[in-house]
Amino acid sequence: MTVIYGLEKCDTCRKARNWLKRFEVPHEFVDYRANPVPPATLKAWAASLGGWEKLVNKASTTWRQLPEGRKSPASDPEWALLLREHPALVKRPVVVTDDGQVGVGFSDNGFKQRFGVGK
């Protein structure tokens, strides 16, 4: 089953969830602020996406408000700690399909391609 990780009040997460419902794609939603993602899972997502930079939303207000010293974590544990302390830094939504593929973000066309529906 597809799992959508995001924040309950995030508009993009809502759009993704509504799209999945509309096209009857079975899925589960996990609010990662209420249910923090384990560091090993964050590390696996980052590796699957091509690095921590692909998982972190550096355009966010949360990122811009971080002290400069926190914006360049030097290790996986430092990245994981930063994301645990500031879950809004994770790009949303994180979409994990049952085949283990990890993706971030939502677009109608992207989801149509990914799930092979709505064409």
Side-chain angles (χ1 to χ4, degrees):
M1 174 180 294
T2 297
V3 181
I4 303 292
Y5 295 87
L7 300 176
E8 187 70 39
K9 296 185 183 209
C10 170
D11 286 339
T12 305
C13 293
R14 282 190 212 146
K15 288 176 189 175
R17 293 166 67 192
N18 287 336
W19 189 98
L20 293 169
K21 286 177 192 168
R22 184 170 71 240
F23 289 103
E24 300 178 354
V25 176
H27 66 282
E28 174 186 350
F29 177 73
V30 176
D31 183 321
Y32 54 67
R33 184 172 282 145
N35 300 294
V37 176
T41 302
L42 291 170
K43 183 179 176 183
W45 288 352
S48 179
L49 293 168
W52 290 102
E53 305 285 332
K54 305 281 186 185
L55 183 61
V56 174
N57 181 2
K58 291 188 173 185
S60 71
T61 302
T62 304
W63 179 264
R64 289 192 304 270
Q65 291 177 347
L66 285 175
E68 284 304 313
R70 295 296 310 272
K71 291 182 179 180
S72 47
S75 66
D76 291 337
E78 288 179 24
W79 276 109
L81 177 62
L82 181 64
L83 296 180
R84 186 180 63 176
E85 291 174 0
H86 303 281
L89 287 175
V90 176
K91 288 183 181 176
R92 298 184 295 270
V94 175
V95 181
V96 182
T97 48
D98 49 1
D99 61 1
Q101 293 289 321
V102 178
V104 292
F106 167 76
S107 74
D108 183 63
N109 287 334
F111 268 40
K112 284 178 181 175
Q113 288 178 350
R114 183 157 190 191
F115 296 101
V117 297
K119 295 179 181 178

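For reference, positions follow the sequence shown, starting with 1.
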Atom pair OG (S60) and CD (Q65), whose distance is rounded to the nearest 0.5 Å: 8.5 Å
Point-to-point distance, once rounded to the nearest 0.5 Å, from CZ of F106 to NZ of K15: 8.0 Å
Distance-only check: which donor-acceptor pairs under 3.5 Å involve side-chain atoms of residues 79-92, not counting sequence neighbours?
unit_1, atom_1, unit_2, atom_2, d
E85, OE1, R70, NH1, 2.8
E85, OE1, R70, NH2, 2.9
R92, NH1, A88, O, 3.0

Minimum-distance pair of heavy atoms, taken over all atoms of N57 and W63: O-CB, 3.7 Å
K112/D108 ion pair, N-O < 4.0 Å: yes
For H27 against K21, the heavy-atom pair lying closest together: CE1-CG, 3.8 Å
CG on L7 to CZ on F29, rounded to 0.5 Å: 7.0 Å
Co-membership, hydrophobic cluster, residues V94 and V37, 4.5 Å side-chain: yes
Nearest non-hydrogen partners of S107 and G110, listed with the distance: OG-N, 2.9 Å
D31 (side chain) donor-acceptor with E8 (main chain) under 3.5 angstrom: yes
Closest non-hydrogen atom pair between K54 and L49, with its separation: CG-O, 3.4 Å
V102-I4 co-clustered via ILVMFWY side chain contacts under 4.5 Å: no
Within one Ile-Leu-Val-Met-Phe-Trp-Tyr cluster: W45 and V104, side-chain cutoff 4.5 Å: yes
T12 side chain reached by P93 side chain, heavy atoms, under 4.5 Å: yes
D76 side, atom CG; W52 side, atom CH2 - distance, nearest 0.5 Å: 5.5 Å
Heavy-atom pair of closest approach, residues G6 and C13: CA-SG, 3.6 Å
Single-linkage hydrophobic cluster V56~Y32, side-chain heavy atoms < 4.5 angstrom: yes
F111 and its side-chain contact (heavy atoms from CB on, under 4.5 Å) partner, picked from V25, V117, L20: L20
T97-D99 side chain donor-acceptor pair, cut-off 3.5 Å: yes
Co-membership, hydrophobic cluster, residues V3 and V95, 4.5 Å side-chain: no
